[in-house]
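Everything below concerns the one structure shown next.
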Amino acid sequence: MSQAAAQPLVALQAVSKHYRVQRGFLGSSRQSLHALDQVDLAVLPGEVLGLVGESGCGKSTLGRMVMRLEEPSAGRVFFDGRDLASLDREGLRGLRRQMQIVFQDPVTSLNPRLTVGSMLAEPFQIHRQGGRREIKERVEALLTEVGLRPEHARRYPHQFSGGQRQRIGIARALALRPRLVVADEPVSALDVSIQAQVLNLLMDLKEKMGLTYLFVAHDLSVVRHLCDRVAVMYLGKVVEITPVAGLNQARAHPYTEALLKSAPVADPQRRFSAPPLAGDVPSPLNPPPGCRFHTRCPEAQEVCHRQEPPLTPLGPDRLCACHFRP
Amino acid sequence: MAQAPPLLAIDDLVAVFDGPRGQLRAVDGLDLAMAGGEILGLVGESGCGKSMTALSVLGLLPPPGRVAAGRILFEGQDLLELPSRRLRELRGKAISMVFQEPMTSLNPVFTVGRQVAEQVLAHEELGRKEAWSRAVDMLARVGIPDPARRAGDFPHQLSGGLRQRVMIAMALIMKPRLLMADEPTTALDVTIQAQILGLMQDLQRQSGASILLITHNLAVVAQMADRVAVMYTGRILETAPVKELFAEPLHPYTRGLLSCLPARAPRPGMRLPTIPGIVPALDELPPGCAFSDRCPERFGPCQKAEPALREVAPGRLVRCYLHHHEQRRTRRAA
Ligand SMILES: Nc1ncnc2c1ncn2[C@@H]1O[C@H](COP(=O)(O)OP(=O)(O)OP(=O)(O)O)[C@@H](O)[C@H]1O
Ligand SMILES: Nc1ncnc2c1ncn2[C@@H]1O[C@H](COP(=O)(O)OP(=O)(O)OP(=O)(O)O)[C@@H](O)[C@H]1O
Ligand code: SF4
Ligand code: SF4
Ligand SMILES: [Mg+2]
Ligand SMILES: [Mg+2]
């Protein structure tokens with residue numbers, strides 16, 4: 001992609017998020033958990049940027065920073081060139097319409113007491129768009145757009161299957177015609193046949209509406225299929241950013257390589273012989289010094305224990321944080 | 001495989017839940033056989049009855065669930081006829097299980113070492129000390145670092161991956177001949193999943209136990225299994241050696257499942273093939289073939305009666321009229 005010139009739709013500059021957590025007997029000691037640490041990342045207009053990494057590495061936290069659902073502890077987040085921190089409430093509300101989020105769990109993210117119709121009408125009412133009749137028409141159009149039927153507006157969430165509920169979540173996110181959708185593991189809870197339907201829907205809507213996606217996932221085969229670029233995270237850090245095609249090349253970041261080798265492939269001719277990575281992910285409460293991956297990295301050297309590798313260019317469209325890449 | 005008597009042979013198993021709206025058949029005429037020393041992958045989408053099948057074997061269906069019909073032969077004896085005392089003896093010893101929810105099957109108030117040791121004490125006359133040291137050995141064998149110290153930890157002090165290793169240690173310490181592992185890696189990250197799958201493979205090779213590997217993840221099955229059984233609405237639709245199943249799936253449902261996988265799409269970004277509709281509720285199955293309301297290949301006989309699970313090639317069983325000779329002819333004529 002030679003979009004280096006395009007202004008990013010979203011840019012994170014040295015964004016950190018620390019949580020105070022209680023530890024020990026009756027919370028006797030307080031500690032700081034580094035969910036995100038000095039993250040730089042850009043989402044280009046019209047692209048699908050995948051975000052992968054193990055549980056707890058900070059993917060959802062990053063999504064919340066972009067959506068401004070929480071304030072970063074440090075660093076700045078820009079949307080369309082504007083610093084989110086510099087906006088007043090009215091300005092932020094205007095921007096909110098342009099970015100929406102879809103959550104992993106289609107069951108708990110929908111209010112069980114509201115009909116689908118009133119749930120989908122909410123965004124229009126909050127942003128005072130249209131009268132009752134108009135809103136009703138818009139809701140019906142939305143339902144059709146995501147492959148449901150207008151009469152579904154009268155039903156409650158429990159009357160839908162998991163895949164249909166995820167469609168409702170997507171419909172709600174699209175109500176106000178956003179430019180950016182943060183999709184936080186939108187298909188992880190779904191069976192494969194339903195997953196395929198929802199992925200197709202996401203691809204169709206993106207084409208039709210020119211959307212930009214920040215797509216959080218843990219299934220690399222889904223990421224390969226849907227994304228243009230991928231950011232790989234480990235313990236609150238982005239360790240590599242690469243076009244999806246780069247995932248097949250040798251000399252990826254050692255952690256990316258391990259992820260690729262660990263993922264089982266739906267092909268019995270290609271079984272792996274030995275697990276590529278030993279050990280557990282360290283606690284984000286006291287991440288290892290130096291390169292955070294050194295406790296598990298098969299290539300770690302002495303320098304890795306002391307010195308943190310910065311994210312540096314590896315070719316024209318690739319960034320990698322490892323002392324031994326390139 | 002036909003000559004050696006199977007280790008496990010499930011015949012026409014029916015497991016039901018009686019409820020206010022009538023009877024739900026969670027397992028509905030299931031046939032399955034396992035040879036000694038093999039890994040059989042049992043796959044299917046959520047709710048198709050994988051867990052209830054395994055729980056039926058152990059006599060542990062959650063109430064009001066019960067086995068209503070069928071036979072479950074383990075080394076030739078019918079487990080459904082066995083007195084409950086004898087079944088308890090087998091459970092945890094000859095047959096063991098790694099349950100789908102690790103946190104609910106580990107007791108939070110006991111150390112993990114004690115829980116592994118209890119498995120030994122339940123089946124052998126042994127001092128506590130000796131049982132404990134056997135437990136520590138087993139924790140070492142499943143790759144838990146510093147096992148003597150870790151044995152003193154409570155479940156919540158362990159990561160998900162370590163907890164799953166403890167579960168496997170509990171299941172394997174009595175050297176079972178059959179291990180049923182229900183979604184053993186679903187809650188884990190891929191790098192940890194790879195470790196656990198590797199561990200199960202090693203232990204299987206060393207002990208020669210058979211493993212019934214239950215999962216909805218087709219990639220895990222491709223990685224691990226010798227043979228695969230595909231389940232849908234409480235029944236088996238297809239059984240085949242793993243390479244044949246992935247190279248040439250015969251049942252339309254299996255074909256649909258495999259073609260939905262993004263990894264098998266010819267190129268990135270293309271629209272994925274889908275299976276129309278959704279899995280029907282158990283009390284709203286279509287007439288005849290259970291897949292007939294979604295099947296792109298439905299023809300004449302499909303909704304008249306349910307097709308039988310038939311052997312159509314050595315080791316390959318399919319429940320579909322497309323593979324019944326006499327019906328194929330009617331299809332061509334039509
Ligand atoms: N509100 C909070 N208070 C304290 N800690 C938090 C909070 N939210 C997240 N964390 C911690 O921050 C880290 C990153 O969490 P996050 O949810 O972003 O991870 P994730 O990559 O989305 O994981 P998963 O794949 O499991 O969804 C974790 O260690 C988590 O426990
Ligand atoms: N207590 C119960 N009462 C009524 N029906 C039940 C009960 N428990 C399970 N069922 C039904 O039995 C069927 C089979 O359930 P089972 O747990 O075996 O599915 P599964 O294939 O293991 O699914 P998953 O992949 O989600 O674990 C499901 O349709 C479920 O709704
Ligand atoms: S910097 Fe060192 S420890 Fe970190 S990934 Fe590179 S080789 Fe491994
Ligand atoms: S029996 Fe008929 S409906 Fe059922 S899977 Fe075969 S072709 Fe399809
Ligand atoms: Mg998350
Ligand atoms: Mg189950």
Side-chain angles (χ1 to χ4, degrees), chain A residues 48 52-57 160-164 187 189-201 203-204 206-207 218-228 244-245 255 258-281 283 296, chain B residues 44-48 143 145 158-162 185 187-199 201 216-225 228 241-247 253 256-265 267-279 294:
Chain A
V48 183
V52 301
E54 287 172 286
S55 183
C57 70
F160 292 92
S161 71
Q164 288 176 318
V187 295
L190 305 176
D191 276 319
V192 282
S193 71
I194 310 301
Q195 167 182 294
Q197 296 172 5
V198 173
L199 288 177
N200 286 349
L201 173 66
M203 291 188 278
D204 287 344
K206 175 186 179 310
E207 253 168 41
H218 65 257
D219 185 339
L220 286 169
S221 68
V222 170
V223 168
R224 275 218 183 86
H225 194 74
L226 204 72
C227 299
D228 301 306
V244 166
Y255 175 63
L259 272 186
L260 288 167
K261 286 190 199 143
S262 299
V265 193
D267 177 357
Q269 312 282 2
R270 288 172 51 202
R271 298 192 179 203
F272 55 66
S273 41
L277 263 199
D280 261 335
V281 187
S283 159
R296 302 170 81 200
Chain B
E45 296 180 281
S46 187
C48 70
L158 302 181
S159 67
L162 288 181
T185 60
L188 305 174
D189 281 313
V190 284
T191 63
I192 310 297
Q193 166 169 282
Q195 292 172 11
I196 298 290
L197 295 179
L199 169 71
Q201 244 159 6
H216 67 278
N217 187 330
L218 289 155
V220 167
V221 165
Q223 186 71 61
M224 295 284 291
V228 185
V242 66
K243 286 187 181 155
E244 294 176 31
L245 187 100
F246 280 83
Y253 177 62
L257 273 186
L258 289 177
S259 63
C260 294
L261 296 177
R264 289 171 75 97
R267 60 191 163 74
M270 67 173 281
R271 298 304 176 264
L272 299 164
T274 56
I275 302 177
I278 57 169
V279 180
R294 304 173 72 193

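Proteins get letters first, then strands, A, B, ... in listed order; numbering begins at 1 in each.
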Review point. Contact part of A:V192 toward chain B, heavy-atom cut-off under 4.5 Å: side chain, backbone, both or neither?
Key: both

Practice item. Measure across B:G161 and B:I192 and return the closest heavy-atom pair with its distance rounded to 0.1 Å. Key: CA-CG2, 3.5 Å

Check your understanding: Looking at A:E207, A:Q195, A:R270, A:R224, which one has more heavy-atom pairs under 4.5 Å with chain B than the rest?
Key -> A:E207

Exercise for review: Identify which part of B:P145 has an atom lying under 4.5 Å from any heavy atom of chain A, answering side chain, backbone, both or neither.
Suggested key: neither

Exercise for review: For A:Q269, enumerate each residue passing the side chain to side chain donor-acceptor pair (under 3.5 Å) test, keeping only those at least two apart in sequence or located in another chain.
Suggested key: none

**Study point:** Between A:D204, A:D219, A:L277, A:V222, the one whose heavy-atom pairs under 4.5 Å with chain B are most numerous
**Key:** A:D204

Exercise for review: Identify which part of B:M224 has an atom lying under 4.5 Å from any heavy atom of chain A, answering side chain, backbone, both or neither.
Suggested key: backbone

**Study point:** Under 3.5 Å donor-acceptor, A:Q197 side chain and B:I275 backbone
**Key:** yes

Check your understanding: Of all of B:Q201, B:K243, B:Q193, which one pairs up most often with chain A through heavy atoms under 4.5 Å apart?
Key -> B:K243

Review point. Is chain A contacted by the side chain of B:L261, its backbone, both, or neither, given a heavy-atom distance below 4.5 Å?
Key: side chain

Study note, to complete from the structure: Applied to residues 216-225 of chain B, the side-chain hydrogen bond (donor to acceptor under 3.5 Å, both in side chains) test, sequence neighbours excluded, yields B:E183-B:H216

Review point. Are any side-chain N or O atoms of B:R264 and backbone N or O atoms of B:S259, one a donor and one an acceptor, separated by less than 3.5 Å?
Key: no

**Study point:** Leading residue by heavy atom contact count with chain B [cutoff under 4.5 Å; candidates A:P276, A:A263, A:A258, A:G279]
**Key:** A:G279

Check your understanding: Which answer fits A:D267, side chain, backbone, both or neither, if we ask what part of it has an atom under 4.5 Å from a heavy atom of chain B?
Key -> backbone

Practice item. Would you check if the side chain of A:H225 reaches a backbone N or O of B:R271 as a donor-acceptor pair within less than 3.5 Å? Key: no

